[in-house]
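The block underneath contains the structure these notes are about, expressed in structure tokens.
Predicted model, so just to flag it, every value in this text is computed and none were measured. So that the names make sense, note that chain A is the first sequence line, chain B the second, and so on, each numbered from 1.
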Protein chains: 2
Amino acid sequence: MTTEINEREQTLLKMLIESYVRDGQPVGSQKLARDSRLNLSPATVRNIMGDLEALGLVSSPHTSAGRIPTDKGYRLFVDSLLTVQSLDNDEVQRFKQEIDTDESVEVLIERVSSLLSGVTQMAGVVVAPRREHQVLRHIELLPLSDNRILVILVMDKQEVQNRIIRTAHAYTPSELQQVANYLNASLSGADLQTVRNRLLADMRETRSRMDRLMQRALDMAESVFAETAALDDCVIAGQTNLMEFSELSDIDRLRSLFDAFNSKQQILHVLDQCLGSPGVQIFIGQESGYEPLNNCSLVTSSYGVNNRAIGVLGVIGPTRMAYDRVISIVDATARLFSAVLNQRH
Amino acid sequence: MTTEINEREQTLLKMLIESYVRDGQPVGSQKLARDSRLNLSPATVRNIMGDLEALGLVSSPHTSAGRIPTDKGYRLFVDSLLTVQSLDNDEVQRFKQEIDTDESVEVLIERVSSLLSGVTQMAGVVVAPRREHQVLRHIELLPLSDNRILVILVMDKQEVQNRIIRTAHAYTPSELQQVANYLNASLSGADLQTVRNRLLADMRETRSRMDRLMQRALDMAESVFAETAALDDCVIAGQTNLMEFSELSDIDRLRSLFDAFNSKQQILHVLDQCLGSPGVQIFIGQESGYEPLNNCSLVTSSYGVNNRAIGVLGVIGPTRMAYDRVISIVDATARLFSAVLNQRH
DNA sequence: TCTAGCACTCGGATATCGCGAGTGCTAATA
DNA sequence: TATTAGCACTCGCGATATCCGAGTGCTAGA
């Protein structure tokens, strides 16, 4: 059931939210009547407010204060009242400069995160690219002592991963070389997801042919890529910006929020939901379903390579935020970041 | 000039601090007279307090409140009044269990940091081991495309570092193998500090002999180890614990403290000062010389391998903390951590 | 359907008061 | 001389009272 409201009500709700976002003060009927160009008396506005309150779009903190938007009010506003101003070109250029460096992806993520926080004065967050979507370019195996093998996965241009695995069998260097050659031939160029699938298929197929070395090679590979599914990490910048907002300033709320940031788990979970859908997504207040984020909104967008989403970035701030601005900032940043990643292949 | 105070004054100052640390309330003459077993009247205690205040060891927040310790008071307390109770053996065992796992050093550092914060209910901090002191075990060189070479430094058992360098000259795989062999022969087993020194010496010496390949090898190695001096990092856990303390609860102070934690630079600088001296070190309030740490104390100890300090760990909390307990905790933790690192070689 | 008018409500700012804990000083005491 | 009892004084804190103004809901009239 969509809550239908007429044009005049829309105008007023919009003005109310814009005013409240600007000043942080509950908005009274008088002010609203004056500011809107509708030539309505305060009394009329009051009536309308009464209706909006009945619909759950606004509420008043107490009897003799003005109205403030509810989560539902913000939702309606964001969905159908908002006029997103696209970003100033100069500003986009500034962002681009900030982001477009040839540092490692990790550093880049930090940059993007603090760009978001810096420019919005709220908390910026970037979920690291899902490992599964990274392309494997090269595998190298080095023997260490005690049946331990150092596995080096060369991924993207700037990206290298090491893993140390233990094997039951002690390989000779030349055996290892053979194994590496085989794995390189059959796996390089694929993303980790594919790699794992292909491995499983190979294992089933080879099992019958009983080539002992191959068998072992696959076992080993399996144990390497098993841990590939490791949880993604996310980088949050500018947490302390949130201390400025009076609506979050009670110490307990703030603490639970910061604890949430530190553990990251739940945050990640919320953000993961955005990975599927394209474009900017918004969670308002309780919508995230995660208690410490009450009174907070999340504006996110996924970013990716080759039109495939591999991560999510966005901004966390109080529900009372300038959605138009934030949306365009998040959108632009996601596009820029995707572009930078793309151009690295 | 040391501020000399007589035994009775010492007793009272000690009691005052212990009481204040416990309750967080300014301590009045009456309470102090009653609690101390000195059989003094409140009036006498007041006189003594007057003296201590004149010496700058205590102060009163306002006329009609009791006294609280000053930084200088805490300092005297810590230096000569404190009786450090050594840690309960059970507790030490618990710590040991927490720490003594065979995870990577990075994870270990996280563990130690949150152990410290968890057990003290303040912020725990661990400065990562200085890279220079790690021992190099093995070097491997892998050619990538475009004159880029992947350098793999196998350090400690669990520790591997990668670096990608660009070279002017394109090496053939066999040349690279040769270079690697040479570097392994001459460098492995030394710590990075030594490695760098040895490299410089070699370069000077070889320059005359003009072996082109060697020359290039050394150039390359030089460019690898140049960046070794990279800034150390530190891990801070349990920041949010500090939100509980009323003396830090004004939002601006808290914010500047958290900002300090995030940038880490200054914190690191303060902590680095502890690297030199052995045993537990303490900075009280302003002593750190770093503004956001006013009202905070730092209790640290260095840890190391083979009796050589390679890092610092400790606790950050309000000046009003239970120094005796914290000192023994930090001390024990540093010893345990050193032991764990040692046993890994 | 809108608006003017009006009584009412409530939060926030400000002022006042009393209490109690604690001080500093002085004079008496051991 | 060092300690103590006594006393006047100070000050922060919490409770209470008061006022003001912004804003509301309702009703009746345009």
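- Regarding R34(A), its CZ atom lies at a distance of 17 Å from the C1' atom of dT3(C), rounded to whole Å.
- Note: CE (M49(B)) to P (dG22(C)) measures 12 Å, nearest angstrom.
- Along DNA chain D, the nucleotide closest to R8(B) and the one closest to P61(B) are compared, and the more 5′ of them pairs with R8(B).
- As rounded to whole Å, 12 Å separates atom P of dG25(D) from atom CG of L52(A).
- OP1 or OP2 of dG22(C) has not a single side-chain nitrogen or oxygen of S60(B) nearer than 4.0 Å.
- Atom P of nucleotide dG23(D) and atom CG of L16(A) are separated by 12 Å, given to the nearest angstrom.
- R46(B) has no side-chain polar atom (N or O) that falls below the 4.0 Å cut-off from OP1 or OP2 of dC7(D).
- A salt bridge links R255(A) to D259(A): at least one charged side-chain nitrogen sits closer than 4.0 Å to a carboxylate oxygen.
- Between dC11(D) and T63(B), a contact under 4.0 Å exists linking OP1 or OP2 to a side-chain N or O.
- Residue S41(A) places at least one side-chain N or O closer than 4.0 Å to OP1 or OP2 of dT3(C).
- Contact annotation: S29(B) side-chain N/O to dT23(C) OP1/OP2 distance is under 4.0 Å.
- Across G124(B) and S117(B), no two heavy atoms sit closer than the pair N-CB, 3.5 Å.
- Listed pair R67(A) / dA22(D) fails the phosphate criterion, with no side-chain N or O lying under 4.0 Å from OP1 or OP2.
- More than 12 heavy atoms of other shown residues, nucleotides or ligands fall within 6.0 angstrom of atom CG in D79(A).
- One interatomic measurement links the two molecules: NZ of K31(B) to P of dG22(C), which rounds to 9 Å at whole-angstrom precision.
- Heavy atoms of A43(A) sit under 4.0 angstrom from at least one base atom.
- Straight-line distance from the CD atom of E9(A) to the P atom of dC2(C): 10 Å, rounded to whole Å.
- Residues Y290(B) and F283(B) keep their aromatic ring centres 6.0 Å or farther apart.
- Separating the NE2 atom of H62(B) from the P atom of dG12(D) is a distance of 6 Å, rounded to the nearest angstrom.
- Put simply, CG on D51(B) is 12 Å from C1' on dA2(D), counting in whole angstrom units.
- Taking side-chain N and O atoms only, T44(A) has a distance below 4.0 Å to OP1 or OP2 of dT3(C).
- Within 6.0 Å of CD in Q30(A) there are 12 or fewer heavy atoms belonging to other residues, nucleotides or ligands.
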